[in-house]
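First up is the structure itself, then whatever we jot down about it.
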Amino acid sequence: RLRKWQERIRTKDAGERNLQFALSEIDRMASALGVPRSVREVASVIYRRALNEDLIRGRSIEGVATSALYAACRQEGIPRSLDEVAEVSRVPQKEIGRTYRYISQELGLELKPVDPKQFVPRFASALGLSEEVQAKATEIIDVSAEQGLLSGKSPTGFAAAAIYAASLLCNEKKTQREVADVAQVTEVTIRNRYQEQIEAMGFR
Amino acid sequence: MSAPADSIEIQNVVASTGIGQELDLEALADDLPGADFNPDNFPGLVYRTQDPKAAALIFRSGKIVCTGAKSIDDVHEALGIIFDKLRGLSIPVDENPEITVQNIVSSADLGHNLNLNALAIGLGLEDVEYEPEQFPGLVYRMDEPEVVILLFGSGKIVITGGKRTDDAETAVEEIVKRIDNLGLLD
DNA sequence: AGCTTACTTTGCAAAGC
DNA sequence: GCTTTAAAAAGTAAGCT
């Protein structure tokens with residue numbers, strides 16, 4: 001009886017320690033990513049929900065914590081790419097993606113596909129581009145998405161190409177390499193998306 | 001005039017069977033030219049047939065998994081070749097081992113481009129997985145028939161998880177109906 | 001700038017770690 | 001959960017010329 005009691009305390013303490021660890025990891029990663037406090041709070045709520053629904057079983061605490069943060073960024077409209085999240089996590093990108101899909105499904109988060117436009121302000125300011133370029137990039141994304149060019153394309157690559165095109169159109173040219181570096185995509189991807197978008201805009 | 005269902009092509013059939021006889025895979029690996037056996041890697045011995053092209057995983061228990069065949073007939077043909085090869089090695093093989101189809105992978109073309117973003121919302125986010133950062137296809141789990149459909153922006157699709165030949169046909173007709181009802185079939 | 005190769009996703013069985 | 005097999009879809013990536 002006494003042993004059972006001690007075991008309960010031990011598991012309760014362990015569980016408490018695990019939760020504290022997860023929350024501090026979310027905090028650490030959120031700081032490294034530079035996301036606002038509100039997003040960390042949303043991530044904490046998602047993590048606690050996953051914990052209450054026993055979704056951690058068979059998965060790493062860090063993996064679930066990272067996925068919760070990735071989901072929270074999306075839910076709050078300031079997405080980070082899986083690449084970016086993986087850079088501040090000790091969990092491989094592949095596992096983050098897989099765990100995100102799992103908790104997203106189990107918790108019924110029903111997050112809409114990431115909108116490329118949501119990357120524009122962050123990428124553009126990292127490149128030192130003006131509001132005018134951002135507005136142009138947003139317009140390019142809207143027009144080309146309406147013409148069906150977005151289906152199946154990576155949101156970061158789509159945003160990167162639009163920013164590259166907008167920088168040319170507004171005489172604030174950035175090289176494909178510079179844009180590729182902040183968006184973490186290859187120049188080849190920017191080139192491919194750029195060609196399609198320019199055509200969709202009626203330029204050439 | 002060409003209905004999407006007419007574009008269905010079976011790409012891969014997975015089936016399992018058993019010869020009702022335990023096997024010494026080490027010996028079999030020596031006696032079967034072209035056999036790959038790496039027990040440290042995987043417990044099954046891999047044997048490939050040329051015509052029809054297929055790959056078989058042969059296990060110590062005598063159970064066999066056949067993959068890569070383009071039709072159910074090809075599965076039977078390929079396994080027949082393997083059964084005869086084993087008999088040729090004086091290994092007793094059941095007269096007519098039961099062959100069970102476990103999965104059929106098919107491809108098809110809906111003939112229209114698809115707006116996957118709109119489709120993800122229209123088909124219901126709870127039944128859909130669409131993460132273009134990770135994979136360009138939209139994953140849709142259908143209940144009847146119970147199959148998984150991968151939909152691409154080009155209108156090309158993949159149907160998998162079905163065990164019967166007509167599952168793909170039923171699934172294609174159903175998905176076309178659902179997409180059309182959403183007004184997303186241009 | 002291409003071209004080639006390779007990896008991402010789905011489904012399934014097998015035996016064993 | 002992983003390991004291996006097969007095949008399609010289309011996007012992305014890396015290596016080589």
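To find a chain, count down the sequence lines: A is the first, B the second, and so on, and within it residues start at 1.
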Open item on the list: Here's a test of your reading of the structure: between B/Thr160 and A/Arg59, which maps to the more 5' nucleotide of DNA chain D?
Closed with: A/Arg59
Task: Rounded distance (Å) that lies between atom C1' of C/dT8 and atom CD of A/Glu95 - done: 16 Å
Open item on the list: Looking at A/Arg101 and B/Glu131, would you say the former's side chain and the latter's main chain have a donor-acceptor pair under 3.5 Å?
Closed with: no
Open item on the list: Tell me whether the side-chain N/O atoms of A/Arg57 come closer than 4.0 Å to OP1 or OP2 in D/dG1.
Closed with: no
Open item on the list: I'd like to know if the side chain of A/Gln197 reaches the main chain of A/Phe158, judged simply by a donor and an acceptor atom lying under 3.5 Å from each other, with no hydrogens or angles considered.
Closed with: yes
Open item on the list: Between A/Arg122 (side chain only) and A/Pro79 (backbone N and O only), is there a donor and an acceptor less than 3.5 Å apart?
Closed with: yes
TODO: Measure from CG on B/Leu79 to P on C/dA13 and round the result to the nearest Å.
DONE: 16 Å
Open item on the list: When you measure from the side chain of B/Asp167 to the backbone of B/Lys163, do you find a donor-acceptor pair of N or O atoms at a distance under 3.5 Å?
Closed with: yes
Open item on the list: Rounded to whole Å, how long is the line connecting atom CD1 of B/Ile72 with atom C1' of C/dC12?
Closed with: 14 Å
- [ ] Describe the nucleic acid contact of B/Val14 in one word from base, sugar-phosphate, nothing, applying a heavy-atom distance below 4.0 Å.
- [x] base
- [ ] Indicate whether OP1 or OP2 belonging to C/dG11 is found under 4.0 Å from a side-chain N or O atom of B/Arg141.
- [x] yes
Open item on the list: I want to confirm an ordering. Mapping A/Lys94 and B/Asn103 to their closest nucleotides on DNA chain C, which one lands closer to the 5' end?
Closed with: A/Lys94
Output a table of donor-acceptor pairs, distance under 3.5 Å, between side-chain atoms of residues 107-124 of chain B and any protein atom two or more places apart or on a different chain; print 'none' if there are none.
| unit_1 | atom_1 | unit_2 | atom_2 | d |
| --- | --- | --- | --- | --- |
| B/Ser107 | OG | B/Gln11 | NE2 | 2.7 |
| B/Asp109 | OD1 | B/Gly111 | N | 2.9 |
| B/His112 | ND1 | B/Asp186 | O | 2.1 |
| B/Asn115 | OD1 | B/Asn117 | N | 3.2 |
| B/Asn115 | OD1 | B/Ala118 | N | 3.1 |

Open item on the list: Do A/Tyr164 and A/Arg191 pair up side chain to side chain, a donor and an acceptor below 3.5 Å, judged on atom types alone?
Closed with: no
- [ ] Please measure how far the P atom in C/dT9 lies from the corresponding atom in D/dG1, and state the result in whole Å.
- [x] 13 Å
Task: d(CG, B/Leu150; C1', D/dA9) in whole Å - done: 7 Å
- [ ] For B/Glu131 and C/dT10, give me the distance from atom CD to atom P, rounded to whole Å.
- [x] 11 Å
Open item on the list: Rounding to an integer number of Å, can you tell me how far B/Glu26 CD sits from C/dA15 C1'?
Closed with: 14 Å
TODO: Using Watson-Crick or G-U wobble pairs with both distances under 3.5 Å, give me DNA chain C in dot-bracket, 5' to 3', with [ ] for crossers and | for pairs to another strand.
DONE: ||||||||.|..|||||
Task: B/Lys53/B/Asp74 ion pair, N-O < 4.0 Å - done: no
Task: Atom P, compared across C/dA1 and D/dA9: separation rounded to whole Å - done: 26 Å
TODO: Indicate yes or no: does A/Arg28 engage A/Glu62 in a salt bridge with an N to O separation below 4.0 Å.
DONE: yes
TODO: Quick one: closest heavy-atom pair of A/Cys170 and A/Glu132, and the distance?
DONE: SG-OE2, 3.8 Å
Counting only pairs under 3.5 Å, give me each side-chain donor-acceptor contact of residues 51-58 of chain A, with atom names and distances, residues two or more places apart or in other chains.
| unit_1 | atom_1 | unit_2 | atom_2 | d |
| --- | --- | --- | --- | --- |
| A/Asn52 | ND2 | A/Arg48 | O | 3.4 |
| A/Asp54 | OD2 | A/Arg57 | NH2 | 3.2 |

Can I get a per-line list of side-chain donor-acceptor pairs under 3.5 Å for residues 83-100 of chain B, giving both atom names and the distance, sequence neighbours left out?
| unit_1 | atom_1 | unit_2 | atom_2 | d |
| --- | --- | --- | --- | --- |
| B/Asp84 | OD1 | B/Arg87 | NH1 | 3.1 |
| B/Arg87 | NH2 | B/Asp94 | O | 3.0 |

Open item on the list: Does D/dC2 have its OP1 or OP2 closer than 4.0 Å to a side-chain nitrogen or oxygen of A/Arg98?
Closed with: yes
Open item on the list: Between P on C/dG16 and CG on B/Leu25, what's the gap in Å once rounded to a whole number?
Closed with: 10 Å
Open item on the list: Could you tell me how far C/dA13 sits from D/dA8 if I compare only their P atoms? Round to whole Å.
Closed with: 22 Å
Task: Residues within residues 37-65 of chain B bordering DNA chain C, heavy-atom distance below 4.0 Å - done: B/Phe42, B/Pro43, B/Leu57, B/Phe59, B/Arg60, B/Ser61, B/Lys63, B/Val65
- [ ] Using a strict 4.0 Å threshold on nitrogen-to-oxygen distance, state whether A/Arg98 and A/Glu95 make a salt bridge.
- [x] no
Task: Value in whole Å for how far the C1' atom of C/dA13 lies from CD1 of B/Ile99 - done: 14 Å
Open item on the list: Across nucleotides 10-17 of chain D, 5' to 3', mark each nucleotide with B, S or - according to how protein heavy atoms within less than 4.0 Å reach it.
Closed with: BSSSS---
